[in-house]
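In what follows, chains carry the letters A, B, and so on, assigned in the order in which the sequence lines appear, proteins first and then strands, with residues in each chain numbered from 1. As the structure is a prediction and not an experimental result, all values here were calculated from the model.
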Amino acid sequence: MAQKVRVRFAPSPTGGLHLGGVRTVLFNYLFAKKHGGDFIVRIEDTDQSRFVAGAEAYIFDCLKWCGLTPDESVLHGGQYAPYRQSERKAIYRQYAEQLIKDGYAYYAFDTPAELETMRELLKTKGSSSLQYDHHVRMNMNNSLRLLPEETQQLLDAATPYVIRIKISPDEFIPFTDMIRGDINFDTNAVDDKVLLKADGMPTYHLAVVVDDFLMKITHAFRGEEWLPSAPVHILLWKYLFGLDNMPEWAHLPLILKPDGNGKLSKRDGDRLGFPVYAMDWTDPVSNEITKGFKEIGFLPEAFINLLAVLGWNDGTEQEIFSEEELIEKFSIEKVHKGGAKFDFEKAKWFNHEWIKKLDVEHYAARVKEIFKSNGIAIADDHYLNKVMHLVKERCTLLPDFYTQGSFFFQAPVTIDTAAIKPKWDDRKNLFFIELVKAWQLSTLWESTDLELSFKEIAAANSLKTGELMLPLRIMLVGGKFGPGVFEIAAAIGKKATIARVEHTLSLIE
RNA sequence: GCCGCGUUGGUCAAGAGGUUAAGACGCCUCCCUUUCACGGAGGAAUCACGGGUUCGAGUCCCGUACGUGGUACCA
């Protein structure tokens, strides 16, 4: 690659940032970083009717959380600013006019009602296509059919118009996709797409080509849903800037619903009980909150990891990748062609793996917040670190630190005495009374000391330790879970241990 | 309807003409642990179908089916 690699993610600020969107960012980012290139974020806000307040800032928040920092964007600046298409409005018109001058585009004055009539007519005629194309354009109200003076008159009278690309029939548009190989499109199937809208804004088709050229984009990655309109973009490149300057294309596979069919959508997440957006998204109109991966307790490392391997695989058995490893190993050619169904169970497994190896110091603050929201204020950071080490391998989501570790900070609220009672008897009761006495006097409070004295007393009473450990556990943690009992006793200390044993003893009486 | 793209266990997937068709998630059994988890061992389960090409096809070609995307003055 002779030129410096430059890629872009070009979202529309219309709502929450979807899994698929983040993956598109990720693949762009990985490719750029691998090749020492730049990653640009361009805001494609050309549809004013779909603009949603706050969506743009939200997108950048998500990127920040994921650790995918743009080199250039509305937020990060750059020499190709502005990076918001609405602010580039004036730029696009000249290219549209240029196309008209060169005979590749034309003015169209058709009203929405007229377009509707055309489609109705096509439908009744049983036409296979309802498109505005070479079959119908000479029957429409446009500068191709009108006399030049008539067109000028309409223009002078400020008649609303759009500019459409003029697609010639019977041509083939070949191009190479980095993932899919050679693809050939028949122009007979492509319509005269609107390039410039009546409000003066460009459509995606014009804007993407113009901006990719102006911003010197070398590789353009986007979702597979764009494949059918690729010939329009290629034609635009040919007419405007030359095919030699066109970026290389890669159309990414879709992320599909886990069940049923179709693209994964926010609604599927709501329905099936898992997030689809990277972070919580609050709809500014309805105030409805849609849960995000961040908030339910995913680690960004895990989120990135699971997205990377959804539609990509390095050919080895490795599944856990750090961002550095992904940058090193990623290759666009190994991205799959087919869509992948999203599996939340596997997503959780990735998070579990990352939590097992998480840096306790780094996540202490977040975990502290989780405890706090559950009514436990943690003052001792050192103790928290210890607890996190003890329980992290049994946490799948960050809030599990609370469910798995709350008893380290406060006595269990509910105690599963039902699990003890059936096998309870006086001998066991006596054992625990004796144990409390012994521990009361003990000056040593390491888990090994506790285990030793526990076993000695059990042996002295001819009781099996196994039958006593479960009751002890339940006294200390409230249920049948958690790390080793003696480690727990050692951690919570003499006072709490004895208090909890005595409390449960009184409950069983 | 038309056009495009796709199709290896339930899911993610390795596989680039010759393999006993990897691995992971999930599920099941067992071991470890008298908790839960981790870890370990094992198990059930797959090349959509039909034709070719070839000595030989999951791999190449052609159909069919199915899926998916597009078919907007949305991106």
Side-chain angles (χ1 to χ4, degrees), chain A residues 10-14 44-47 49-50 85 108 110-112 115 119 123 126-133 160-164 177 179-180 183-186 188-191 193-205 207-208 222-231 251 253-254 256 258-263 306 309-320 334 336-350 352-353 356 391-396 400 404 416 419 464-470 472-474 476-477 479-485 488:
Chain A
S12 292
T14 54
E44 308 220 329
D45 56 347
T46 54
D47 184 2
S49 67
R50 291 215 306 161
Q85 289 183 330
D110 315 278
T111 64
L115 292 173
R119 292 190 185 108
K123 214 180 284 178
S127 170
S128 63
S129 156
L130 266 37
Q131 300 186 133
Y132 195 123
D133 61 15
Y161 67 87
V162 299
I163 294 178
R164 284 180 182 273
D177 184 284
I179 297 170
R180 289 150 210 283
I183 298 175
N184 213 346
F185 276 97
D186 182 346
N188 289 312
V190 348
D191 63 335
K193 287 246 178 298
V194 170
L195 264 20
L196 202 74
K197 299 185 257 191
D199 65 1
M201 278 288 193
T203 57
Y204 171 83
H205 309 293
V208 74
R222 61 191 355 176
E224 190 190 342
E225 67 268 28
W226 289 109
L227 208 42
S229 53
H251 290 87
L254 268 8
L256 309 171
D259 61 345
N261 310 313
K263 268 202 294 190
L306 74 93
V309 298
L310 238 200
W312 172 83
N313 179 289
D314 79 337
T316 72
E317 287 183 12
Q318 184 173 354
E319 290 202 275
I320 302 297
K334 298 216 76 152
H336 305 146
K337 299 183 176 92
K341 287 184 182 167
F342 181 67
D343 181 0
F344 188 55
E345 289 307 316
K346 181 114 190 198
K348 283 195 292 191
W349 175 77
F350 277 106
H352 188 28
E353 291 298 309
K356 279 193 290 183
V391 304
K392 68 179 183 178
E393 72 189 19
R394 45 206 99 208
C395 296
T396 298
D400 293 341
Q404 288 292 330
D416 185 10
K464 284 187 205 148
T465 45
E467 289 176 18
L468 300 164
M469 279 168 71
L470 186 66
L472 210 220
R473 163 176 303 282
I474 287 169
L476 264 27
V477 326
K480 290 190 269 188
F481 63 98
V485 236
I488 294 169

[M] and [N], which share atom name [atom1], separated by this distance in whole Å:
N	M	atom1	value
B:U59	B:U46	C1'	15 Å
B:U54	B:G67	C1'	31 Å
B:G70	B:U53	C1'	34 Å
B:A65	B:C28	C1'	34 Å
B:U8	B:G42	P	27 Å
B:G18	B:U71	P	42 Å
B:G4	B:C62	P	13 Å
B:U20	B:U34	C1'	40 Å

Provide, to the nearest angstrom, the distance between the [atom1] atom belonging to [X] and the [atom2] atom belonging to [N].
X	N	atom1	atom2	value
A:E317	B:A22	CD	P	11 Å
A:W349	B:C38	CH2	P	12 Å
A:N313	B:A22	CG	C1'	11 Å
A:R222	B:G4	CZ	C1'	13 Å
A:K356	B:C38	NZ	P	7 Å
A:H251	B:C5	NE2	C1'	11 Å

Study note, to complete from the structure: Under a 4.0 Å heavy-atom criterion, the protein footprint on nucleotides 69-75 of chain B, written with B, S and -, is BSSSBBB
Study note, to complete from the structure: Whether each nucleotide of nucleotides 30-37 of chain B has a protein heavy atom under 4.0 Å at its base (B), only at its sugar-phosphate (S) or at neither (-) is summarised, 5' to 3', as ----BBBB
Check whether any side-chain heavy atom of [X] sits under 4.5 Å from a side-chain heavy atom of [Y], and report yes or no.
X	Y	value
A:T46	A:K197	yes
A:C395	A:H352	no
A:Y204	A:K193	no
A:N313	A:V309	no
A:L306	A:F342	yes

Exercise for review: Starting from the 5' end of RNA chain B, give me the residue, A:T316 or A:F185, whose nearest nucleotide shows up first.
Suggested key: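 Nearer the 5' end of the strand: A:F185.
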Check every strand shown and say whether [X] touches a base, only sugar-phosphate, or nothing at a heavy-atom separation below 4.0 Å.
X	value
A:K334	sugar-phosphate
A:F350	nothing
A:V309	sugar-phosphate

Check your understanding: Should A:Y132 and A:D110 be marked as a side-chain hydrogen bond (donor to acceptor under 3.5 Å, both in side chains) after you check the CA-CA gap, both sets of side-chain angles, and the distance that decides it?
Key -> CA-CA 11 Å; A:Y132 195 123; A:D110 315 278; 2.7 Å; yes
Atom of [X], atom of [Y] and distance for their closest heavy-atom approach:
X	Y	result
A:K123	A:L130	CE-CD2, 4.0 Å
A:Q318	A:I320	NE2-O, 2.9 Å
A:D133	A:V190	CB-O, 4.1 Å
A:Q85	A:E44	NE2-OE2, 3.1 Å

Shorter than 3.5 Å, N or O on both sides, protein versus nucleotides 7-11 of chain B: list them out with atom names.
none

Practice item. Flag the pair A:K346 and A:E319 as a salt bridge only when some basic side-chain nitrogen lies within less than 4.0 angstrom of an acidic carboxylate oxygen. Key: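 Result for this pair is yes, salt bridge flagged.
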[N] pairs with which nucleotide, Watson-Crick or G-U wobble, both distances below 3.5 Å?
N	value
B:G42	B:C28
B:A65	B:U7
B:A22	none
B:C2	B:G70
B:A14	none

Point to revise | salt bridge (Lys or Arg N to Asp or Glu O under 4.0 Å) between A:D47 and A:R50, worked out | key: CA-CA 6 Å; A:D47 184 2; A:R50 291 215 306 161; 3.6 Å; yes
**Study point:** A:H251 side chain to A:R222 side chain, donor-acceptor N/O pair below 3.5 angstrom
**Key:**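 Yes, a side-chain donor-acceptor pair sits under 3.5 Å.
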Exercise for review: Return no unless some side-chain N or O of A:H336 is found under 4.0 Å from OP1 or OP2 of B:A13.
Suggested key: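 For B:A13, OP1/OP2 do have a side-chain N/O of A:H336 under 4.0 Å.
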